[in-house]
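First up is the structure itself, then whatever we jot down about it.
Computed from a prediction, not measured in an experiment: that's the story for all the values here.
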Amino acid sequence: MPILSIIACRMFEDELAHVLSNDRELEQLIVVEGRDSFGLLRKLKSENCIHRTAPLDRVPLLLGNRHVSSSGFMTLAKPLLKLPFFREIHEKMKLKAAHRVTVVVNPLRLGLHDDLDLLKSEVYGKIREMAAFSDGILIFYCSCGEAFESLEEDFSGFECPIYCLKDGNGEVVADCISAALGGNAAYDETMYTCRGTGALYFTPMWASAWKEMAEERRKSRNLDDSFLKDPRYSRLVKLDTGLSYDPDFNKNVLDFARTFDMEIVEIKGSAELAEKSYRTAKKGVIQRTLE
């Protein structure tokens with residue numbers, strides 16, 4: 001059975017909880033333990049999505065156990081595969097097993113974005129570590145400035161395939177706002193409509209995490225929020241992705257808008273890009289298992 005690993009930014013908790021809880025064909029779901037997985041675990045629980053948790057270094061042990069019973073069965077059944085009837089049954093079982101994907105999710109901390117070199121180093125390190133037990137890795141990050149501009153090129157000869165969040169034009173999306181809007185072109189169009197006015201874009205996760213992000217940046221002395229008080233920076237774009245994991249979305253947006261005296265503009269988004277990227281990665285690991 002194939003294994004798809006996901007290395008994720010916490011900003012995509014909602015999208016991850018959505019795609020994973022709606023995948024009824026999963027063999028099992030393993031979430032890497034840590035303080036940065038708490039939010040995702042809570043949302044998966046709210047969807048009654050069955051999952052296991054383990055530290056990253058123990059994940060291979062959980063995955064290794066799944067081979068024991070099947071390998072023993074194959075040792076006993078091998079002589080029967082010479083018979084066409086049993087060979088046909090075996091091929092059907094193999095095909096069915098290939099579609100029962102195990103997903104391993106590793107959420108990383110938000111503060112990594114304060115240092116793009118550190119962010120890149122951390123994600124690249126996790127790719128190499130998780131590749132040892134994966135049939136493919138989906139990177140639930142965007143370009144993130146210049147951090148991942150060359151990611152596909154850097155891992156072009158890697159034995160474990162790498163999948164990214166891409167829009168309908170095949171481009172890796174610029175950031176999580178672009179992902180929520182459906183792609184880079186849609187983001188450019190939205191920004192054009194807001195031309196002449198400084199604007200911030202808030203998804204539910206951004207709205208709930210902005211205070212945490214600000215605190216992290218103050219610790220690293222990498223925050224100057226004076227620009228938010230500039231009267232030209234006067235618009236807060238509330239981006240509704242259609243996912244309702246955070247009941248305080250409206251309140252969080254209002255609090256921010258009042259703090260910095262901003263006008264609220266509402267725009268509809270979706271989780272469609274995340275859904276398609278997940279399906280593409282899952283299809284890829286299934287195909288790799290069948291080859």
Q: Go through N184 and N169 one step at a time and tell me if the side-chain contact (heavy atoms from CB on, under 4.5 Å) criterion holds.
A: CA-CA 9 Å; N184 296 332; N169 295 322; over 6 Å; no

Q | Pi-cation contact, Y163 with K283 (under 6.0 Å, within 45°) | A |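 Judged by the rule (NZ or CZ under 6.0 Å from the ring centre, within 45° of its axis), K283 is not positioned above Y163.
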
Would you say [X]'s side chain and [Y]'s backbone share a donor-acceptor pair under 3.5 angstrom?
{"X": "S121", "Y": "L118", "result": "no"}
{"X": "T53", "Y": "V32", "result": "no"}
{"X": "R235", "Y": "M262", "result": "no"}
{"X": "D167", "Y": "G170", "result": "yes"}
{"X": "T289", "Y": "V285", "result": "yes"}
{"X": "N106", "Y": "I7", "result": "no"}
{"X": "S37", "Y": "E33", "result": "no"}

Q) What residues form a salt bridge (charged side-chain N to carboxylate O under 4.0 Å, His left out) with E272, not counting sequence neighbours? A)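 Per chain and number, E272 pairs via salt bridge (charged side-chain N to carboxylate O under 4.0 Å, His left out) with K276.
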
(Q) Which residues pass the salt bridge (charged side-chain N to carboxylate O under 4.0 Å, His left out) test with E152, not counting sequence neighbours? (A)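 Applying salt bridge (charged side-chain N to carboxylate O under 4.0 Å, His left out) to E152 gives K166.
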
At their closest point, which heavy atom of [X] faces which heavy atom of [Y], and how far apart are they?
{"X": "C160", "Y": "S134", "value": "SG-O, 3.7 Å"}
{"X": "R100", "Y": "L26", "value": "NH2-O, 3.3 Å"}
{"X": "L16", "Y": "A8", "value": "CD1-CB, 3.3 Å"}
{"X": "K282", "Y": "E25", "value": "NZ-OE1, 3.6 Å"}
{"X": "D255", "Y": "T259", "value": "O-OG1, 2.7 Å"}
{"X": "L116", "Y": "A147", "value": "O-CB, 4.1 Å"}

Compare all side-chain heavy atoms of [X] with those of [Y] and state whether any distance is below 4.5 angstrom.
{"X": "C9", "Y": "L110", "answer": "yes"}
{"X": "S150", "Y": "K120", "answer": "yes"}
{"X": "R42", "Y": "Y245", "answer": "no"}
{"X": "W206", "Y": "I177", "answer": "yes"}
{"X": "L63", "Y": "I30", "answer": "yes"}
{"X": "I139", "Y": "F148", "answer": "no"}
{"X": "I127", "Y": "F158", "answer": "yes"}
{"X": "K238", "Y": "N250", "answer": "yes"}

At what distance, to the nearest 0.5 angstrom, does [atom1] of [X] lie from [atom2] of [Y]?
{"X": "I162", "Y": "E153", "atom1": "CD1", "atom2": "CD", "answer": "14.0 Å"}
{"X": "D246", "Y": "D14", "atom1": "CG", "atom2": "CG", "answer": "7.5 Å"}
{"X": "N48", "Y": "S21", "atom1": "CG", "atom2": "OG", "answer": "9.5 Å"}
{"X": "S46", "Y": "L41", "atom1": "OG", "atom2": "CG", "answer": "11.0 Å"}
{"X": "T102", "Y": "R52", "atom1": "OG1", "atom2": "CZ", "answer": "9.5 Å"}

(Q) Between D23 and Y278, is the side-chain contact (heavy atoms from CB on, under 4.5 Å) condition met? List the steps. (A) CA-CA 10 Å; D23 189 346; Y278 174 73; 2.6 Å; yes

**Q.** Candidate pair D175 and Y201, rule side-chain hydrogen bond (donor to acceptor under 3.5 Å, both in side chains), full reasoning
**A.** CA-CA 11 Å; D175 57 31; Y201 297 78; over 6 Å; no

Q: Can you run down the ring pair (Phe, Tyr, Trp, His ring centres under 6.0 Å) pairs that involve residues 8-43, sequence neighbours left out, and say none if there aren't any?
A: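 Every pair satisfying ring pair (Phe, Tyr, Trp, His ring centres under 6.0 Å) with a residue in residues 8-43: F12-F140.
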
Q) CZ of R58: more than 12 outside heavy atoms within 6.0 angstrom? A)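 No.
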
**Q.** CD/E47: more than 12 non-hydrogen atoms of other groups inside 6.0 Å
**A.**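 Yes, because the 6.0 Å sphere around CD of E47 holds more than 12 heavy atoms from other groups.
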
Q. Do the two ring centres, one from F202 and one from F249, sit under 6.0 Å apart?
A.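 No; F249 has its ring centre 6.0 Å or more from that of F202.
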
Q | Stepwise side-chain contact (heavy atoms from CB on, under 4.5 Å) test for Y141 and L151 | A | CA-CA 11 Å; Y141 276 87; L151 186 146; over 6 Å; no

Q) Given E266 and D240, is the side-chain contact (heavy atoms from CB on, under 4.5 Å) satisfied, shown in steps? A) CA-CA 7 Å; E266 297 193 21; D240 185 358; over 6 Å; no

Q) In the single-linkage hydrophobic clustering (I, L, V, M, F, W, Y; side-chain heavy atoms under 4.5 Å), do L290 and V101 co-cluster? A)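 L290 clusters together with V101.
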
Q: Please answer: with hydrophobic residues joined when any side-chain heavy atoms are less than 4.5 Å apart, are V123 and V172 in the same cluster?
A: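 The answer is no; the residues belong to distinct hydrophobic clusters.
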
